[in-house]
Enquirer: 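After the C-alpha cells below, expect a handful of questions from me.
The structure displayed is predicted, hence computed values, not measured ones.
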Amino acid sequence: MELLINLSVNGLATGMLIFLLASGLTLIFGLMSVLNFAHGGLFAWGAFSGIWFYGITGSFFIGILGAILTGAALGFVTERLIIRPVYGNHVQQILITLGFMLVLTEMLKVVWGPNQIAARVPTYLAGSWEFGDVLIIKYRLFIIIVGFLVFGIFQYILKRTKIGLIVRAGVINKDMVQALGINIKRVFLLVFMTGSALAALGGVLFAPYSGVIYAEMGMEFAILAFIVVVIGGMGSFPGSLLAAILVGLIGSYMAYYVPVLSLAVNMILMAIVLIFRPQGLFTAKG
C-alpha cells in the first residue's frame with residue numbers, strides 16, 4: 001500500500017505537468033482548430049526563462065511569473081506571424097509549426113547555450129513528509145495542487161464568465177459570434193496567448209521536478225501532450241485532465257513494475273481509446 005501511494009503521487013505529479021501543456025493545446029484546438037506542433041517549444045522556453053528569472057531574483061514565484069509572461073509574449077508572436085496565415089489548413093499548420101518548433105529549440109541554444117542547465121527546488125518546497133513508510137515529496141504535491149487549481153480556475157472561466165461564454169460559442173459557431181459584433185480574431189489571439197502561457201507554466205514547474213532542463217525537452221513533452229489530447233477528446237478540458245492523470249499514473253506504475261513497457265504504454269493506451277472510442281473519452285462539450 002505504501003509503495004502504491006508513492007507511485008500514485010509521482011504519477012499524479014507527472015500527469016499534472018502534462019496536463020498544463022495539453023490544456024493549452026486543448027484550448028487552442030478546441031476554439032481555433034489549430035494543430036500547433038510548436039507548443040512544446042513554448043514549454044521549453046517557459047522552463048529556461050523561468051529558471052533564468054528564478055536565478056537572478058532568487059524568487060521561484062517571480063520565476064513562474066516570468067515564464068508565464070514569456071509564454072504569453074511568444075504566443076502573441078506565434079499567432080500573429082506563424083498561425084494567422086495558415087488558418088483552416090491543417091497540413092500547412094503541421095509543417096509550419098514543426099519548423100517553428102525547430103527554430104524555438106535552436107534559439108534556446110543561442111540564448112542559453114547547448115548544455116543542460118541545473119534547476120533546484122526552492123528551499124521551502126524541498127524535502128518530504130514521512131507518514132510511516134509513505135514518503136510524500138513536497139514539490140510533487142505542490143505540482144498536483146497547482147494542476148488542480150489551474151483546472152478549477154479555467155473551468156470556472158469557461159462555464160461561469162462572459163469571456164468563457166464567448167469562447168464556448170466560438171467553438172460551436174465562429175461565424176455567428178462574429179456576426180454578433182465580437183472580434184473573433186481578438187478572441188483567437190487571447191486564447192492562443194493563454195494556451196502558450198499554460199505551456200510555459202508547465203515548463204517552469206517541470207524544471208525543478210526534473211533537476212535539469214535542455215533544449216530538446218519541448219519535443220519530448222509535446223508528443224505526450226498530443227497523446228493526452230487525443231485520449232481525452234479534442235477540445236475537451238476535463239478530458240485533458242483525466243487523460244493526463246491516466247498517462248501519468250500508468251507511466252509511473254509501468255516504470256516500476258514493467259520497465260520494458262514504460263515507453264510504449266502511452267501509445268498502446270492511445271491506440272485502445274482510438275479503437276473503441278475514436279472521439280476520445282470526452283467530447284468538446286464535456
Enquirer: Looking only at non-hydrogen atoms, find the nearest pair between F192 and G75 and report the distance.
Expert: CD2-O, 3.3 Å
Enquirer: Tell me, do I272 and R277 make a side-chain contact under 4.5 Å, heavy atoms counted?
Expert: no
Enquirer: Run the side-chain contact (heavy atoms from CB on, under 4.5 Å) test on F226 and F37 for me, step by step, so that the C-alpha distance in whole Å, both residues' side-chain angles and the decisive distance to 0.1 Å come before the verdict.
Expert: CA-CA 9 Å; F226 273 99; F37 280 82; 3.9 Å; yes
Enquirer: Does a donor on one side chain and an acceptor on the other come within less than 3.5 Å for S23 and S240?
Expert: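 Judged by distance alone, the side chains do not pair up.
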Enquirer: Please give me the minimum heavy-atom distance between S49 and G46, naming the atom from each residue.
Expert: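 It is OG-O, 3.4 Å.
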Enquirer: Side chains of I163 and L190: does their closest heavy-atom pair fall under 4.5 Å?
Expert: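 In short, these two side chains touch, coming nearer than 4.5 Å.
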Enquirer: Please tell me if the side chains of V273 and V230 come closer than 4.5 Å, counting only heavy atoms from C-beta onward.
Expert: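 Not in contact.
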Enquirer: Could you state the interatomic distance from CD1 (I184) to CG (L189), rounded to the nearest 0.5 Å?
Expert: 12.0 Å
Enquirer: Would you check, one step at a time, whether the test side-chain contact (heavy atoms from CB on, under 4.5 Å) holds for F29 with V34?
Expert: CA-CA 5 Å; F29 184 85; V34 169; 5.9 Å; no
Enquirer: Is it the case that more than 12 heavy atoms not belonging to M107 sit under 6.0 Å from its CE atom?
Expert: no
Enquirer: Go through the steps to decide whether Y124 and K138 satisfy the test side-chain contact (heavy atoms from CB on, under 4.5 Å), and finish with yes or no.
Expert: CA-CA 9 Å; Y124 46 85; K138 294 180 182 178; over 6 Å; no
Enquirer: Answer yes or no: is there a side-chain heavy-atom contact under 4.5 Å between I64 and Y54?
Expert: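 In short, these two side chains do not touch, never coming nearer than 4.5 Å.
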Enquirer: Does R84 have more than 12 heavy atoms from other residues, nucleotides or ligands lying within 6.0 Å of its CZ?
Expert: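 Count over threshold, so yes.
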Enquirer: Ignoring hydrogens and angles, tell me if any N or O in the side chain of S252 forms a donor-acceptor pair with the backbone of L7 under 3.5 Å.
Expert: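 Yes, S252 side chain to L7 backbone: donor-acceptor pair under 3.5 Å.
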Enquirer: Looking at L35, is its backbone amide N or carbonyl O close enough to the side chain of Q93 to form a donor-acceptor pair, meaning the two atoms are under 3.5 Å apart?
Expert: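 Such a contact is found between Q93 side chain and L35 backbone.
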Enquirer: Taking the basic N atoms (NZ, or NE/NH1/NH2) and the acidic carboxylate oxygens, is any pair closer than 4.0 Å for K185 and E79?
Expert: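 Not counted as a salt bridge, because no side-chain N and carboxylate O are separated by less than 4.0 Å.
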Enquirer: Measure across A225 and A22 and return the closest heavy-atom pair with its distance rounded to 0.1 Å.
Expert: O-CB, 3.9 Å
Enquirer: Dump the intermediate steps for side-chain contact (heavy atoms from CB on, under 4.5 Å) on I227 and M267, then the final yes or no.
Expert: CA-CA 7 Å; I227 290 174; M267 292 294 183; 4.0 Å; yes
Enquirer: When you look at F221 and F206, which way does the ring-ring contact (aromatic ring centres under 6.0 Å, His included) test go after all the steps?
Expert: CA-CA 10 Å; F221 266 75; F206 169 80; 4.6 Å; yes
Enquirer: What do you reckon, is OH of Y156 surrounded by more than 12 foreign heavy atoms closer than 6.0 Å?
Expert: no
Enquirer: Please tell me if the side chains of V258 and Y253 come closer than 4.5 Å, counting only heavy atoms from C-beta onward.
Expert: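 Not touching, per the 4.5 Å side-chain cut-off.
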Enquirer: With a 6.0 Å cut-off (strictly less than), is the heavy-atom count around OH of Y139, excluding the residue itself, greater than 12?
Expert: yes
Enquirer: Just checking W45 against W112, ring centres under 6.0 Å apart?
Expert: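 Ring centres of W112 and W45 closer than 6.0 Å.
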Enquirer: Test ring-ring contact (aromatic ring centres under 6.0 Å, His included) on F43 and F48; report intermediate values, then the result.
Expert: CA-CA 9 Å; F43 176 86; F48 275 82; over 10 Å; no
Enquirer: Going by the angle between their ring planes, with limits at 30° and 60°, are F142 and F61 parallel, tilted or perpendicular?
Expert: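 It falls in the perpendicular class, over 60°.
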Enquirer: Rounded to the nearest 0.5 Å, how far does CG of N6 lie from OG of S128?
Expert: 9.5 Å
Enquirer: Which atom pair, heavy atoms only, marks the closest approach of G232 to A243?
Expert: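 Heavy atoms only, the tightest pair is N-CB, 3.6 Å.
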Enquirer: In this structure, are over 12 heavy atoms from other groups packed under 6.0 Å from F276 atom CZ?
Expert: no
Enquirer: Quick check: F188 with Y87 (ring centres under 6.0 Å apart)?
Expert: yes
Enquirer: For F148 together with F19, are the ring centres under 6.0 Å from each other?
Expert: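 No, ring centres 6.0 Å or more apart.
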